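Any value given below was found using the heavy atoms of this structure, including those in side chains, with hydrogens, waters and symmetry copies removed. Bear in mind the structure is a predicted one, so any value in this text is a computation, not a measurement. Letters A, B, ... are given to chains in the order of the sequence lines, protein chains preceding strands, and every chain is numbered from 1.
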Amino acid sequence: VKDLFEQHVPHLYRFALRLTGDQNEAEDLSQAALLKAWKDRSRLRDAGAAKSWLFAITANLYRSGLRRKGREERFVSKIKNTEQVQRRALPPDKEIIVKEELRRALEAMDALPDRQREVLYLHACEGFSLQEIAEILAVSPDAVKSSLSLARKRMRQTLRDLVGTEDFSRVRETHLE
Amino acid sequence: MKQSSCDKLDDYMLGWLLPGEAAAFERHLADCPDCRRQCVLQKSIDGLLAEYGTLSDGNCSGLIERAGRQARTAWRQKAVRLALAIAAAAAVLTAAVFGRFALRSSAKPGGQDIAAAQNTAAESGKEASDSIPSRLENPQTSTLVALADPSKGIVLECKTNNPNINLVWIYPTVNTDAMPAGQSDE
């Protein structure tokens, strides 16, 4: 089980980082998720579902943590949203070479509403299916579909200048072939 | 019509359209430069986000170990709490058993009868010399003594399990006239 968890830890940590926007909080959250997963390991019957199961635990812990925080704290965090977006967008490891485009894409993603951000991250970065995302976030597949469409549209609006004219012409040719 | 077709871009790219709808959208795509541009842009964004998903984060390398340590610490704390609870329960049980045993053993030689006699005498207000000897299993141990003052009392010797311990109960008498003659000097 430890090996099974170990291979998903980087993904889990990145998901926690995107949820919390803070490295320390992300470490605490993923650590708490691993601890809970270890305690409840008998409930995991299908090893293939370990990743989505770990993500569901992380999302649940994050939401219950948010509920524990009062409205006031949430209000303060909203005020600090801009700072958080900046910090969240930064890569957790300085050794990682992050392209400017990737940094911008992450910033745009972090500026999305919570649910849209979670859905987009799970779909685009982790490759989960709609059904898996619905299970992880405990929402209906239709809600996931709707959030994902909205998130993608908003991302395109924010990053409309991401692709240059040259790139567009080149890719258009290949696309239309 | 054009607007509704443009809105299907994400459904098309995500493969959510039926084959007929997808074919119709492809025809629309050939005539709509804005949709083509959006399509290219979305592919770029998807590529970047997918790339982020494959990056490795050095910070999380020790998370499993830390979680393991935390789990072990939590387990130890739980074990200590459980051990303390068991020890406390055992102590209470032992005290209860020994207490019951001590009560039973002290009641055997007549101590319980003496205590009962004492209570009865106190409640009824009868003279101790009348009530106590009749309730004792060993009445020959009762004697009458003269105290320093003019009053008198009854001395009851109580047997105990320990040979080094002797218990003597003294009941002062109330009616000196009822005493048998010749025993008032004992």
Value rounded to 0.5 Å, distance of [atom1] in [X] from [atom2] in [Y]:
X: B:L49; Y: A:E126; atom1: CG; atom2: CD; result: 11.0 Å
X: B:L14; Y: A:L130; atom1: CG; atom2: CG; result: 7.5 Å
X: A:R103; Y: B:Y52; atom1: CZ; atom2: OH; result: 13.5 Å
X: B:L48; Y: A:R104; atom1: CG; atom2: CZ; result: 10.0 Å
X: A:R156; Y: B:C39; atom1: CZ; atom2: SG; result: 8.5 Å

Quick check on the hydrophobic clustering: are [X] and [Y] connected, directly or via other members, by side-chain heavy-atom contacts under 4.5 Å?
X: A:L54; Y: A:W38; result: yes
X: A:L150; Y: A:M155; result: no
X: A:L44; Y: A:F55; result: yes
X: A:L61; Y: A:V139; result: yes
X: A:W53; Y: A:L35; result: no

Seminar exercise, completed: Okay, A:K39 and chain B: the region with an atom under 4.5 Å from a heavy atom over there is neither
Exercise. Tell me, side chain or backbone of A:Y121 under 4.5 Å from chain B's heavy atoms, or both, or neither?
Worked result: side chain
Exercise. Got a salt bridge between B:D46 and A:R152, using NZ or NE/NH1/NH2 to carboxylate O under 4.0 Å?
Worked result: yes
Exercise. For A:K153, does the NZ atom have more than 12 heavy-atom neighbours from other residues, nucleotides or ligands under 6.0 Å away?
Worked result: yes
